[in-house]
Protein chains: 2
Amino acid sequence: MARSTIRDISRVTGFSVFTVSRALGGGDGVSEQSREQILKAARELGYVVNRAAQELRRAKRDSVAVITASTSNSYYLDLMDGIQQALDPSEWTVVIGDVAVDGAYEARLEARMIQRLIESRTAGVISALTLQPEHTELLAKWDIPVVFVDSSPPPEAAHFPSVTTNNHEASLMVGQHLAEHGYKDWLFLVYPSKWSSRFGRESGLREAALHHGANLVVLETANDAASARETLARHLDGREAPPHVLIAGNNPLLLGAMELLRERAIRIPADMAVVAYDEFAWSTLTDPPITVLNEQSAEIGRRAAMMLREIIERQEAAERKGKPPSPVYLPEHHQQVPARLMLRGSCGCALHGGGRNGSFQAA
Amino acid sequence: MARSTIRDISRVTGFSVFTVSRALGGGDGVSEQSREQILKAARELGYVVNRAAQELRRAKRDSVAVITASTSNSYYLDLMDGIQQALDPSEWTVVIGDVAVDGAYEARLEARMIQRLIESRTAGVISALTLQPEHTELLAKWDIPVVFVDSSPPPEAAHFPSVTTNNHEASLMVGQHLAEHGYKDWLFLVYPSKWSSRFGRESGLREAALHHGANLVVLETANDAASARETLARHLDGREAPPHVLIAGNNPLLLGAMELLRERAIRIPADMAVVAYDEFAWSTLTDPPITVLNEQSAEIGRRAAMMLREIIERQEAAERKGKPPSPVYLPEHHQQVPARLMLRGSCGCALHGGGRNGSFQAA
DNA sequence: ATAGCCAGCCTAAACGTTTAGGTAAACTAC
DNA sequence: GTAGTTTACCTAAACGTTTAGGCTGGCTAT
């Protein structure tokens, strides 16, 4: 087959390479008649533009990367949905870069991913985890804007934009509800602080525990279901009775915990109540249905994507005017999205029917 | 900041552009001493290769695309895992191309995706759905190899490689089990035949129903949870009693069905048994735990990726020898992976404890 | 001492686009 | 009828790499 180039079309039609490029690109300076003739020839030759050549020549870059670790977390599916919604696929290419292997974060992969993104001159990055300081620095050096979602920028780059859940608030809400149930002995099973949402979640729970006179134990585990299960098992082995309530820091940890509780026949909520961060598809169908904090991750994704798009467009405008091409980050580029507590059976609430999906929303 | 190029390094070090390229690329023809000097300069300048320029110049392409629709199907997470395992990330870039919006397949997106893959001269494609004939033709024209997973090639391209579950076999196994329970009235809730795994699944159930003297109703729905719920609701409204057993064609359909059954307070398995295709993380924790057919999608992904890699390597070798660069597909490039039936409560089996994960495997 | 070879480096041409800058002819305004 | 503008097109130079081919000067084998 003939991998045809613009030059081939030029040869066939008799037009210059310039005219062909213009005709294909939809620019003006070509008569309608010539354009049609050129397009026809292109179709017949099976021409497809060579993106490498195109990107090399033009400054404009149109792909955006989303960096995540542990995509098995259903949180990210919604997040991606929101991002896709805000970035018209005919204009932007969204590539997702998972820096986890077997669900576990790997620093090595993060480095490789950043390198790759710079190599391909990515237009912008949405990161679902706090990147290592040297990597934000590198991206800044190459004028590639970054928006953090569900995570904060590293302290060295505090001015970088972010869209997060108001985790402290959300945890206060959780704590309030637990207190209403009368639970005094709380166990918070949580992932490492590599994922910065931990800080707000933990501080909120601490404040709530203090305020309501409850005892809070924080139990850290690696960020996957199997580790969560192991860690929780060891912890429960070391104490006489289970806590009043288990608070799972995210969806994979909840999964691991639930597997263990089922294995040990610990009844929920009779023996121990359970609440968790992260809404997920099966939450109403488990035994019992799980009370979760819904972060509206699709909304978070949508906002982050819009923010990034705006920053990139501003950057391009500045560049056209000959101004420095560094992205400009403003105070309004820090947004917080409120969360909602979805009440179901696992926290101890006795619910009759509930809404269409068997859930109530806390007032 | 200086977006430095090879030329800048050349200027700084005094070596020619050629030598710098060789030093960075790890080729020979450069003394160790010079190389170190060059690498040092590159590091100091913050040099990062421009991939567009690199790809333009060299023939070698190193990125592989996975085409899916409806990634929310947990099946695909495992599939991706398997693929990633087989393609060393330092050598290959795996990009995932979702051609669904809001979980629903869109032909428009498939066309755009194929276009994009050709534009960027992707080395190979793994497709989780039967591509449209004109698209396989287009990829063939550009000598881009394709391996189908969990789906067959279009009839026009029957010789294209594929790795699938032996769906017919698997359905016979399901049917056998349902017959053992004595169910005679089967309802198969299934996605459109755009996903070709439907054929084997349906034919197997038909054969089993015939053999065991059961009545099989096939109910088609769009491939997402919300549609499944609607479709099933309408179907149940139209009949006196629920069927003996509902067979959900995949994971999203199961989710939609379960939501409906819960809403209508149809007890499982007392009023109606449930079995489903696709293993998923929460299957043991639902109420009741779901009996599913486990297709071992990670294994399928691994095999497909290895197959694709081999085909690409063979293709490159042929090209180096001046032979035609078309990919060569062999008979052994059709593989089937057996499935396993995981027995849990929803089919009517009364299980005591089960294995560590509350499941038995059918003999 | 001569031929042959090799390591280490260079020059120059390619890869397939886009774009800056130009020209000739055809219109428009007066 | 002239000057100015617009339309439709062209030539040639980029973009940042890799690579084919060539040139040294020092080493080895005879």
Side-chain angles (χ1 to χ4, degrees), chain A residues 2-39 41-42 45-62 115-116 118-121 142 316 319-320 322 325, chain B residues 2-39 41-42 45-62 115-116 118-121 142 316 319-320 322 325:
Chain A
R3 284 148 192 238
S4 42
T5 73
I6 275 197
R7 183 156 291 117
D8 297 319
I9 302 180
S10 155
R11 201 174 306 122
V12 168
T13 59
F15 288 102
S16 77
V17 167
F18 159 84
T19 307
V20 174
S21 171
R22 268 291 197 275
L24 295 171
D28 42 40
V30 188
S31 73
E32 259 325 300
Q33 200 194 350
S34 311
R35 162 162 301 152
E36 265 172 34
Q37 195 182 339
I38 289 171
L39 290 181
L45 286 172
Y47 170 81
V48 177
V49 67
N50 183 327
R51 203 161 258 266
Q54 193 175 56
E55 282 178 357
L56 173 58
R57 191 58 241 259
R58 51 167 159 214
K60 194 161 163 48
R61 300 151 301 168
D62 63 354
Q115 174 78 12
R116 224 169 241 290
I118 296 179
E119 283 179 4
S120 55
R121 308 296 192 256
W142 284 88
E316 284 170 351
E319 206 163 358
R320 273 194 297 275
Chain B
R3 282 146 193 240
S4 41
T5 72
I6 274 198
R7 183 157 291 115
D8 297 319
I9 302 180
S10 156
R11 200 175 306 124
V12 168
T13 58
F15 288 101
S16 77
V17 168
F18 160 83
T19 307
V20 174
S21 172
R22 268 289 198 275
L24 295 171
D28 42 38
V30 187
S31 72
E32 260 326 300
Q33 200 193 350
S34 312
R35 160 162 300 152
E36 264 173 34
Q37 196 183 337
I38 289 171
L39 290 181
L45 286 172
Y47 169 82
V48 177
V49 67
N50 182 328
R51 202 159 258 266
Q54 194 175 55
E55 282 179 356
L56 173 58
R57 191 59 241 259
R58 56 169 159 209
K60 196 161 159 50
R61 302 151 300 168
D62 62 355
Q115 175 77 11
R116 222 170 242 291
I118 296 179
E119 283 178 4
S120 55
R121 307 296 192 257
W142 286 89
E316 284 170 350
E319 206 162 359
R320 273 194 298 276

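The chains referred to below are lettered A, B, ... by the order of the sequence lines, with proteins before strands, and numbering in each begins at 1. The structure presented is a predicted model; accordingly, all values stated were derived computationally and were not measured.
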Which pairs, protein N/O on one side and nucleotides 26-28 of chain C N/O on the other, fall under 3.5 Å?
none

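At the phosphate of dC10(C), OP1 or OP2 sits under 4.0 Å from a side-chain N or O atom of T19(B). For S31(A), a side-chain nitrogen or oxygen approaches OP1 or OP2 of dC9(D) to under 4.0 Å.
Looking at every heavy atom in both residues, T13(A) comes nearest to V20(A) through OG1-CG2, 4.4 Å. Scanning both residues, V30(A) and A23(A), for their nearest heavy atoms gives CG2-N, 3.9 Å.
The separation between Q33(B) atom CD and dA7(C) atom P is 17 Å, rounded to whole Å. Atom-to-atom, CD of E32(A) to C1' of dT6(D) comes out at 17 Å; the value is rounded to the nearest Å.
Side-chain contact check for E55(A) versus L56(B): every heavy-atom pair is 4.5 Å or farther apart. The closest side-chain heavy-atom distance from R116(B) to R51(A) is below 4.5 Å.
Y47(B) pairs by the side-chain contact (heavy atoms from CB on, under 4.5 Å) definition with S4(B), I6(B), I9(B), L24(B), A42(B), V49(B), not counting sequence neighbours.
In this structure, the separation between CZ on R7(A) and OG on S16(A) is 11.0 Å, given to the nearest 0.5 Å.
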If a protein heavy atom is under 4.0 Å from the base, mark B; if only from the sugar-phosphate, S; if neither, -; do that for nucleotides 16-28 of chain D going 5' to 3'. BBBBB--------
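Looking only at distances, a side-chain donor or acceptor of R121(B) sits under 3.5 Å from a matching main-chain atom of I118(B). Looking only at distances, no side-chain donor or acceptor of S21(B) sits under 3.5 Å from a matching main-chain atom of V17(B).
Looking at heavy-atom distances under 4.0 Å, S16(A) makes contact with a base.
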